[in-house]
Trainee: 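First, the structure itself, so that you have it in front of you.
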Amino acid sequence: MNLNTALMTEPAPDAPAEPLPTPRVVRAAVTDDVTDEQALVRRARQGDMGAYDDLVRRYQERIYATIYHMTSNHEDANDLAQETFIKAYQALKSFKGGSSFYTWIYRIAVNKTINFLKQRKNRIHMSLNDLDFNAEHDPDLVALVSDQTPRREVNLAELQEKLNEAMQKLSDSHRLVVTLHDVQGLAHDEIAEIMDCNIGTVRSRLFYARQQLQALLADYLK
Amino acid sequence: MNDERENFDTLRRLLKVKRYEQPPPRYFNEFSGQVLARISAGEQGGTASGLNVNSWVESLLNRFGARPAVPAALGGALCALLMAGVVFMDTAPDQNMDSLWTLGAAEVGNGAITPAGSDSVAINDRLRMERSSLASAIVGGNSNTNVAGIALEDSLFGRIQPFSPKLASDPVGSR
């Protein structure tokens with residue numbers, strides 16, 4: 001397997017902590033979830049604020065995380081995430097159900113963030129969230145800090161800052177594919193639907209973004 | 001090739017740091033409530049964003065925000081217009097004053113004005129007085145103030161005396 005293939009294929013999934021459920025159970029769970037979501041959307045369109053509250057709670061973490069990883073600023077992510085859900089509520093009547101609500105609201109969030117970043121241009125101001133305490137116990141991250149870096153005294157906070165700085169140097173579209181795929185674990189076809197492009201474009205952007213990040217973070221990857 | 005493959009694996013592990021970035025505690029407990037509050041506020045009059053503007057104005061502001069050169073150029077043009085107006089206003093009274101001064105100087109030269117009136121300050125004071133009397137005549141509509149014998153004109157606002165600066169002395173040619 002050459003480098004190009006290695007960089008363009010999806011990474012091997014981590015070993016699950018529990019045995020995977022049988023396919024029939026998985027399909028039923030997904031179907032129930034979709035049905036539940038459709039019911040919530042239907043009720044929200046009729047003015048049921050409780051239903052929309054459930055929708056917000058269902059996707060708030062993922063939407064916020066996407067925007068935060070794109071902006072590296074908690075305050076901006078908070079404002080944009082709220083505005084995403086507000087705009088989604090106002091545009092509910094135009095949601096025709098061709099895609100899932102999840103994909104639709106992701107698209108709103110991405111468009112709002114991209115427009116915001118265009119206005120911000122190069123005036124980058126990072127306001128990073130703290131790392132969850134579990135990060136210090138993640139074996140991958142522990143190995144990174146202790147063995148893989150030439151400067152052994154570097155800690156996770158510094159790695160976090162350097163990583164965010166490198167991400168901010170990517171173009172918006174390249175940062176987006178890295179965020180959606182490598183950070184949030186979305187599949188290529190989901191990303192293609194959110195970004196309104198084809199899967200080949202997603203793969204090529206991901207390949208180029210990873211190359212750029214490797215160059216920017218060379219000191220921390222050896 | 002092996003090194004590059006390893007770098008990719010290391011990059012993937014490094015990117016896991018991003019997954020552990022979390023907002024402040026209890027942030028998401030209040031998030032949906034804030035969203036719904038803003039939606040309700042928007043339904044009661046203002047927009048959900050808190051700005052009390054129409055959506056098309058908001059989209060216009062967003063568009064200008066994305067392209068700041070356009071509003072900057074409009075602002076510059078507006079400032080230039082204002083400056084031109086100020087300059088014009090500054091010069092226009094001076095021209096009037098210049099013409100009045102010329103008129104006054106001509107009448108001084110013709111002997112129509114006493115030596116006391118030859119002083120430029122005195123002439124300006126007299127002009128100011130005449131103007132005020134003319135202004136009061138126009139406002140009061142009193143035909144008895146037609147000192148200069150200028151024909152009054154009928155108009156929708158009553159008989160308005162055309163503005164004609166008049167010196168206190170007899171006009172030239174009236175003798």
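What you see is a predicted model; the values in this text were computed from it and never measured.
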Trainee: Please test B/V35 against A/Y89 for side-chain contact (heavy atoms from CB on, under 4.5 Å), starting from the C-alpha separation and ending with a verdict.
Mentor: CA-CA 10 Å; B/V35 168; A/Y89 179 80; over 6 Å; no
Trainee: Quick one: are B/S32 and A/D54 in side-chain contact, heavy atoms under 4.5 Å?
Mentor: no
Trainee: To the closest 0.5 Å, what do you measure between CD (A/E61) and OH (B/Y27)?
Mentor: 10.5 Å
Trainee: Of all heavy-atom pairs between A/V183 and B/L15, which one has the smallest distance, and what is that distance?
Mentor: CG2-O, 4.4 Å
Trainee: Is A/Q60 reaching over with its side chain to a backbone N or O of B/F28, donor-acceptor style, under 3.5 angstrom?
Mentor: yes
Trainee: Closest approach of B/E21 and A/N164, non-hydrogen atoms and distance?
Mentor: OE2-ND2, 2.9 Å
Trainee: What do the steps show when you test A/M49 against B/L36 for side-chain contact (heavy atoms from CB on, under 4.5 Å), and what is the final call?
Mentor: CA-CA 8 Å; A/M49 296 302 285; B/L36 295 183; 3.6 Å; yes
Trainee: State plainly whether the residues A/D138 and B/K16 are in salt-bridge range, i.e. N to O under 4.0 Å.
Mentor: yes
Trainee: Please tell me whether A/N134 and B/Y20 have a donor and an acceptor in their side chains that are separated by less than 3.5 angstrom.
Mentor: no
Trainee: Please report the interatomic distance CD1(A/I63) to CZ(B/F31), rounded to the nearest 0.5 Å.
Mentor: 9.0 Å
Trainee: Which pair of heavy atoms, one from A/D182 and one from B/R19, lies closest together, and at what distance?
Mentor: O-NH2, 3.0 Å
Trainee: If every non-hydrogen atom of B/R38 is compared with every non-hydrogen atom of A/I86, which pair is closest and at what distance?
Mentor: NE-CD1, 3.4 Å
Trainee: Does B/I39 reach the side chain of A/F85, with side-chain heavy atoms less than 4.5 Å apart?
Mentor: no
Trainee: Evaluate whether atom CD of A/E165 has more than 12 neighbouring non-hydrogen atoms of other residues, nucleotides or ligands under 6.0 angstrom away.
Mentor: yes
Trainee: So, for B/L14 and A/L163, which heavy atoms are closest and what is the spacing to 0.1 Å?
Mentor: O-CD2, 3.4 Å
Trainee: So which bits of residues 73-82 of chain A come within less than 4.5 Å of chain B, counting non-hydrogen atoms only?
Mentor: A/H74, A/N78, A/A81, A/Q82
Trainee: Is there any ring pair (Phe, Tyr, Trp, His ring centres under 6.0 Å) pair reaching into residues 108-142 of chain A, and which pairs are they, with sequence neighbours excluded?
Mentor: none
Trainee: Which heavy-atom pair separates A/S72 from B/K18 by the least distance, and what is that distance?
Mentor: OG-NZ, 4.3 Å
